[in-house]
Amino acid sequence: MPKKERSKTLKTLSTINIFIICLTLSACASKSDIATPASNTGKQSFEMRDKSGLFRLVREFGPVANSKKVLAVKQVVQDSSGVIFERSIVMGRIGSLKGKVNVLRPEKSEYTVWFDGKEYTNRIEINTKLKAMVVNLKSPEPEWNGEKTFTFPPGTGAYCYFSQILECAQVMNFMPKAIAAGGGAMNLHVVWEGYPYFQQQYVGIPDELFTQATFSYDGENHKGLRRFSLSISNSNQIIFYHVHKDNSLAAIFWPAQGLSIGSTGSDE
């Protein structure tokens, strides 16, 4: 199947029901409501450029209302006129790995993208009894409809939604430790919240829900921004993250995909 690009067709957007949670994350909880490294709440705007063109990415992050242990990231991709091409929300629950290391377990998510004016949606939710993630697909194409279950890969380790990598690394306390040590790396499994539609937009992404990866600290650049990199196993994909000293996102560069994300301001 040929790779798809985000639709540039103007259309009326349907309302997405995101498990009835508070989407205005900055109004859900204050920074003192949750004592974790990823407790910051805010909203940022970025300029996003890829092979499809120039877009605006709005990213909201913070704890979900009435829950100190669930952190959410909401993202919307739109053009200069406000037409939305892609939107997602992911939620991770703070827990521990063998009672020793804090982790941000992927709990549920929803992702929608428009290809050629047609809506493609998935919903993902963890099933702890099956030790699996259940993916519900809804799209105009028969092969991308219905329910699929993906068992977690054998072994232990962290599992992080793709758009929640930084929050995962903060909850695990990796970022401050690596910065203090001047370097370091952690192994994880990326959970592609946009599966399988995300893989249709970007060449070389493994066609799977879970992908092994390594998240590393590379030092500071000349602007004083901390540099991290996400190396995706079994591919030539490396994604570079630049973060401010408060660990908030400053920029993302994905050379293999011709993608760059840079801050155009903050609405915090």
Side-chain angles (χ1 to χ4, degrees), residues 37-38 48 50 57 59 61 71-73 75 88 90-98 100-109 111 122 124 126 131-133 135 150-179 181 183-219 225-243 247 249-261:
M48 172 179 165
D50 66 9
L57 170 66
R59 187 177 194 266
F61 51 94
L71 304 180
V73 172
Q75 297 192 148
S88 66
V90 304
M91 286 174 277
R93 180 175 293 275
I94 298 172
S96 63
L97 191 61
K98 294 185 176 180
K100 298 179 180 179
V101 180
N102 283 343
V103 292
L104 187 61
R105 292 193 178 97
E107 187 163 87
K108 49 190 172 184
S109 63
Y111 174 92
N122 78 16
I124 303 175
I126 193 170
K131 297 182 179 179
M133 300 293 285
V135 181
F150 297 86
T151 304
F152 285 104
T156 59
Y159 292 83
C160 305
Y161 277 122
F162 177 60
S163 62
Q164 211 169 34
I165 294 292
L166 290 181
E167 284 75 13
C168 255
Q170 290 179 57
V171 167
M172 294 180 71
N173 207 30
F174 167 75
M175 292 175 72
K177 286 185 176 180
I179 291 168
M186 74 172 192
N187 297 320
L188 69 147
H189 283 86
V190 175
V191 181
W192 302 102
E193 66 265 15
Y195 175 87
Y197 315 127
F198 189 84
Q199 281 80 353
Q200 299 305 308
Q201 299 178 64
Y202 298 107
V203 177
I205 302 300
D207 188 20
E208 56 193 12
L209 181 64
F210 306 108
T211 299
Q212 285 186 316
T214 302
F215 191 66
S216 306
Y217 176 55
D218 304 323
L225 297 173
R226 277 77 180 265
R227 300 175 303 182
F228 293 84
S229 60
L230 181 70
S231 299
I232 301 170
S233 299
N234 302 319
S235 73
N236 295 318
Q237 307 290 324
I238 302 178
I239 305 169
F240 300 96
Y241 297 79
H242 290 184
V243 301
N247 290 333
L249 179 63
I252 297 175
F253 301 98
W254 194 347
Q257 304 297 342
L259 184 148
S260 64
I261 296 172

**Student:** Could you label the plane-to-plane angle of the Trp192 and Phe162 rings as parallel, tilted or perpendicular, counting under 30° as parallel and over 60° as perpendicular?
**Tutor:** tilted

**Student:** Among residues at least two apart in sequence or on other chains, which ones pass side chain to side chain contact (heavy atoms under 4.5 Å, CB included) with Glu107?
**Tutor:** Val70, Arg93, Ile126

**Student:** Between CG of Leu57 and CG of Asp50, what distance do you get to the nearest 0.5 Å?
**Tutor:** 11.0 Å

**Student:** Looking at Glu208, is its backbone amide N or carbonyl O close enough to the side chain of Gln199 to form a donor-acceptor pair, meaning the two atoms are under 3.5 Å apart?
**Tutor:** yes

**Student:** Indicate yes or no for a side-chain donor-acceptor contact from Asn122 to the backbone of Glu193 under 3.5 Å, with no hydrogens or angles considered.
**Tutor:** yes

**Student:** At what distance, to the nearest 0.5 angstrom, does OH of Tyr202 lie from OG of Ser235?
**Tutor:** 15.0 Å

**Student:** Looking only at side-chain N and O atoms, does Thr214 offer a donor or acceptor that is under 3.5 Å from a partner on Asn187?
**Tutor:** yes

**Student:** Counting C-beta onward and ignoring hydrogens, is there a side-chain heavy-atom pair between Leu230 and Leu188 closer than 4.5 Å?
**Tutor:** yes

**Student:** Atom CG of Leu166 and atom CG of Asn247: how far apart are they, to the nearest 0.5 Å?
**Tutor:** 8.0 Å

**Student:** For the rings on Tyr195 and Phe150, is their centre-to-centre separation under 6.0 Å?
**Tutor:** yes

**Student:** Do the ring planes of Phe215 and Tyr241 sit parallel (below 30°), tilted (30 to 60°) or perpendicular (above 60°)?
**Tutor:** perpendicular

**Student:** State which residue, out of Ile252, Ile165, Leu259, Val190, fulfils the side chain to side chain contact (heavy atoms under 4.5 Å, CB included) condition with Ile239.
**Tutor:** Ile252

**Student:** Classify the ring geometry between Tyr159 and Phe152 as parallel (under 30°), tilted (30 to 60°) or perpendicular (over 60°).
**Tutor:** perpendicular

**Student:** Are Val191 and Leu209 side-chain neighbours, meaning at least one heavy-atom pair lies under 4.5 Å?
**Tutor:** yes

**Student:** To the nearest 0.5 Å, tell me how far Lys177 NZ sits from Met186 CE.
**Tutor:** 12.0 Å

**Student:** List the residues meeting side chain to side chain contact (heavy atoms under 4.5 Å, CB included) with Ser260, not counting sequence neighbours, and say none if there are none.
**Tutor:** Arg49, Phe253

**Student:** Shortest non-hydrogen contact from Met133 to Phe210?
**Tutor:** CG-CZ, 3.6 Å

**Student:** Indicate whether the side chain of Gln257 and that of Gln237 have a donor and an acceptor atom separated by less than 3.5 Å.
**Tutor:** yes

